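Below is one structure; the comments refer to it alone.
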Amino acid sequence: MVKITLPDGTVKECEEGITPAEIAREISEGLFRKAIGAEVNGVLWDLNRPIDFDATVRIVTIDDEKAPEIYRHTMSHIMAQAVMRYFGADKVKLGIGPVIENGFYYDFEVVGKRITEEDLPKIEELMKKIIKEDLPIERFELPKDEAIKFMEEKGQTYKVELIKEINDDTVSFYKQGEFVDLCRGPHLPSTGKVKHFKLLSLAGAYWRGDERNPMLQRIYGTAFAKKKDLEEYLKMLKEAKKRDHRKLGPQLELFMIDTDVAPGMPFFLPKGAIVLNELMKFSRELHIEDGYKEVITPLVMNVKLWHQSGHWDHYKENMYFTEKEGTMYAIKPMNCPGHILIFKSSTISYRDLPVKYFEFGKVHRYERSGVLHGLMRVRAFTQDDAHIFCSEDQIEEEIKGVIMLIDRIYSPFGFTYRAELSTMPEDHMGDESVWRRAEKALQNALDKIGLEYKIAEGEGAFYGPKIDFMIKDSIGREWQCATVQLDFLMPERFDVNYIGADNKEHRVVMIHRAIFGSLERFFGILIEHFAGAFPTWLAPVQVVIIPISDRHVNYSKEIMGKLEESGIRVEMDDRRETLGYRIRDNQMKKIPYMLILGDKEESERKISVRTRENKEFKSLNLEDFISKILKEINSRSRELYLK
RNA sequence: GCCAGCGUAGCUCAAUCGGCAGAGCGGCUGAUUUGUAAUCAGCAGGUUGUGGGUUCGAGUCCCACCGCUGGCUCCA
């Protein structure tokens with residue numbers, strides 16, 4: 001007998017080998033019908049897999065938050081089965097087929113053939129058939145050596161490679177009809193349990209993500225328990241496409257990219273420059289409040305500086321160089337060496353620490369042409385970069401300060417974000433004990449501030465461990481923005497010291513950090529996040545005045561003058577077009593407020609306002625409007641004051 | 001760089017089997033003086049990404065190059 005503990009705390013004595021399905025049936029018929037799997041001691045479990053130990057069991061139903069993990073994984077098997085039916089099982093070599101955030105994928109090699117986009121609908125048809133067949137899905141285990149033989153016989157060379165690396169003595173397989181796959185599971189009890197899916201795209205992907213390996217073909221798809229959810233997700237993808245910053249950017253005259261002249265290096269148009277400048281103004285305010293000193297350093301510096309910093313050895317591939325009078329210069333890919341030179345230009349006492357230099361530093365990094373992506377992945381960008389020079393016992397406090405500043409800087413945008421602590425990579429400078437000390441300091445700061453974080457082993461920069469902050473954009477994609485990197489090594493290389501209370505030299509500790517990360521990328525994220533409808537404080541044009549006819553231009557000019565005096569970005573649209581036309585046109589430019597001025601307003605000395613959210617407000621007092629909009633702008637509100 | 005797809009007017013797209021390169025929007029000109037998401041008329045706009053090939057004839061078929069898009073570990 002085994003003890004089964006249920007979520008409500010009841011404990012049941014059950015036969016050894018009882019399955020979650022049986023447990024569910026005992027509880028209620030309704031639960032049994034909706035059950036697709038279980039969580040056994042916190043591990044996802046097949047509905048029909050026996051439990052032969054004491055365990056806490058929670059039944060996972062089709063609408064459980066853990067359910068997608070199960071049915072999308074099964075869907076990826078169904079897709080693999082369909083691909084094998086389509087091309088012939090002996091022609092298809094399977095890679096891996098995991099669940100990802102909003103769906104799943106599977107990697108294939110089709111011997112002697114290429115999967116094309118036209119194949120996807122046909123594969124979808126075959127998948128529907130497999131779902132209709134409602135094949136039972138069975139789990140079985142094999143000893144490792146037998147498993148290897150089994151997969152070798154099927155010609156599944158990639159699977160053989162995977163099995164060889166598994167540390168257990170036995171490995172598990174899942175079988176549905178003629179299809180068998182190496183898999184940890186769990187899976188649905190049969191292929192008929194989930195019906196709503198869509199294959200989304202086809203892409204190349206190297207086996208195990210390594211470009212020295214063969215390239216496989218990856219099919220992405222998604223699946224949902226309810227038809228409505230699938231439709232909503234597909235709608236969201238369409239919506240995301242509409243807000244694509246690469247489309248909205250040029251359309252709203254924010255930026256352009258001339259791929260012929262400067263691939264990966266955006267040009268910012270007058271309106272885009274306003275947004276960037278507002279972002280910088282905001283950032284600058286908070287940094288100065290927080291004790292940072294702004295500096296400006298050269299873009300091009302002698303290559304010997306980069307030899308000393310170690311960038312030459314570790315980062316050369318990503319750097320641009322230029323040569324004059326027989327001297328080699330590098331265009332800076334990072335701002336740290338420049339800030340170090342400033343720090344070293346005077347003698348610093350322990351009483352001065354921490355010293356915090358801040359710069360909107362424009363850096364250039366060569367990225368391979370295939371990875372460039374609008375403003376999100378560029379070759380030239382501006383970091384809101386700072387370096388904190390402090391003593392070892394100040395580290396925790398300073399890291400905490402940075403984390404709090406990050407929160408303040410993100411707050412007006414309404415993003416959710418998460419943190420990730422990255423540890424020592426293979427290619428690194430300095431010895432391990434220094435690294436572990438640095439990692440510990442970062443961890444302490446995170447723990448004390450109570451921020452949740454994940455650990456990414458071996459993902460640190462070559463000069464130190466780091467905490468990355470990922471924010472989520474409208475498509476649900478995550479972008480790395482803020483980063484805090486501890487660095488015990490650069491101070492060694494440059495011999496960076498302060499004078500202690502003992503009147504002796506001590507090594508400083510350096511903290512690199514950026515919050516927007518790249519202003520360009522952050523701008524891109526904002527365009528998509530707001531779908532181009534920026535909060536008023538960021539909007540390139542905050543108010544547009546529309547005189548109904550020519551005879552209202554004078555009154556309009558008078559109003560415009562008053563708005564300008566108040567520092568509001570205002571334009572007048574007195575084109576000889578109909579009122580309807582001009583309203584529509586300005587609405588599409590996502591200008592927050594339109595002031596419509598005609599006979600009525602002029603005689604009453606009032607204004608009428610139409611917001612980009614389609615609301616009308618008649619006969620408002622101008623002074624009142626100005627003071628309220630100023631309040632909205634100065635508080636960097638995300639919402640229009642007129643709703 | 002690699003895999004798949006795509007390059008036609010500023011933008012969105014059309015052009016049957018290889019048979020006269022077209023439409024809407026935008027732009028410009030003129031008329032219209034407008035009350036809350038598109039007034040009417042006219043005009044201009046192209047070496048169909050570039051180069052080569054097949055053909056009587058190529059936007060369309062073939063080859064090379066350039067560019068763009070989606071992706072290239074979220075480790076069974």
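What you see is a predicted model; the values in this text were computed from it and never measured. The figures that follow rest on heavy atoms only: side chains count, while hydrogens, waters and symmetry mates do not.
- At a threshold of 4.0 angstrom between heavy atoms, the contacts of A:Lys159 are confined to the sugar-phosphate backbone, with no base atom among them.
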- Item | Secondary structure of RNA chain B in dot-bracket form (Watson-Crick or G-U wobble, distances below 3.5 Å, | marking inter-strand pairs) | (((((((..((((.....[..)))).(((((.......))))).....(((((..]....))))))))))))....

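- When the side-chain nitrogen and oxygen atoms of A:Tyr581 are compared with OP1 and OP2 of B:G35, none of them lie within a distance under 4.0 Å.
- Against RNA chain B, the stretch residues 165-182 of chain A makes heavy-atom approaches under 4.0 Å through A:Ile166, A:Val171, A:Ser172, A:Leu182.
- For the residue pair A:Gln81 / A:Glu178, a side-chain donor-acceptor distance below 3.5 Å is found, with atom types taken as modelled.
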Atom pairs, protein N/O to nucleotides 2-9 of chain B N/O, distance under 3.5 Å:
{"from": "B:C2", "atom 1": "O4'", "to": "A:Tyr206", "atom 2": "OH", "distance (Å)": "3.4"}
{"from": "B:C3", "atom 1": "O2", "to": "A:Gly204", "atom 2": "N", "distance (Å)": "3.1"}

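- Residue A:Gly580 is in sugar-phosphate contact alone, with no base atom involved, counting any heavy-atom pair closer than 4.0 Å across all strands shown.
- A:Lys144 places a side-chain N or O within donor-acceptor distance of the main-chain N or O of A:Ile166, the cut-off being under 3.5 Å.
- Side chains of A:Lys193 and A:Thr74: no donor on one and acceptor on the other come within 3.5 Å.
- To the nearest whole angstrom, the two C1' atoms, one in B:C62 and one in B:U16, are 22 Å apart.
- With hydrogens and angles left out, the side chain of A:Glu601 and the base of B:G35 share a donor-acceptor pair within 3.5 Å.
- Using a 4.0 Å cut-off, some side-chain N or O of A:Arg184 falls inside it from OP1 or OP2 of B:A76.
- B:C68 and B:U8 are spaced 15 Å apart, taking the C1' atom of each and rounding to whole Å.
- By the side chain to side chain contact (heavy atoms under 4.5 Å, CB included) test, A:Pro98 pairs with A:Ile96, A:Tyr105, sequence neighbours left out.
- Interatomic distance, CG of A:Leu597 versus OG of A:Ser608, reported as 7.5 Å (0.5 Å rounding).
- Annotation: salt bridge (charged side-chain N to carboxylate O under 4.0 Å, His left out) contacts of A:Glu165 (sequence neighbours excluded): A:Arg208.
- The salt bridge (charged side-chain N to carboxylate O under 4.0 Å, His left out) search around A:Lys590 returns none, not counting sequence neighbours.
- Nearest-nucleotide positions on RNA chain B place A:Lys247 closer to the 5' end than the other of A:Lys247 and A:Leu372.
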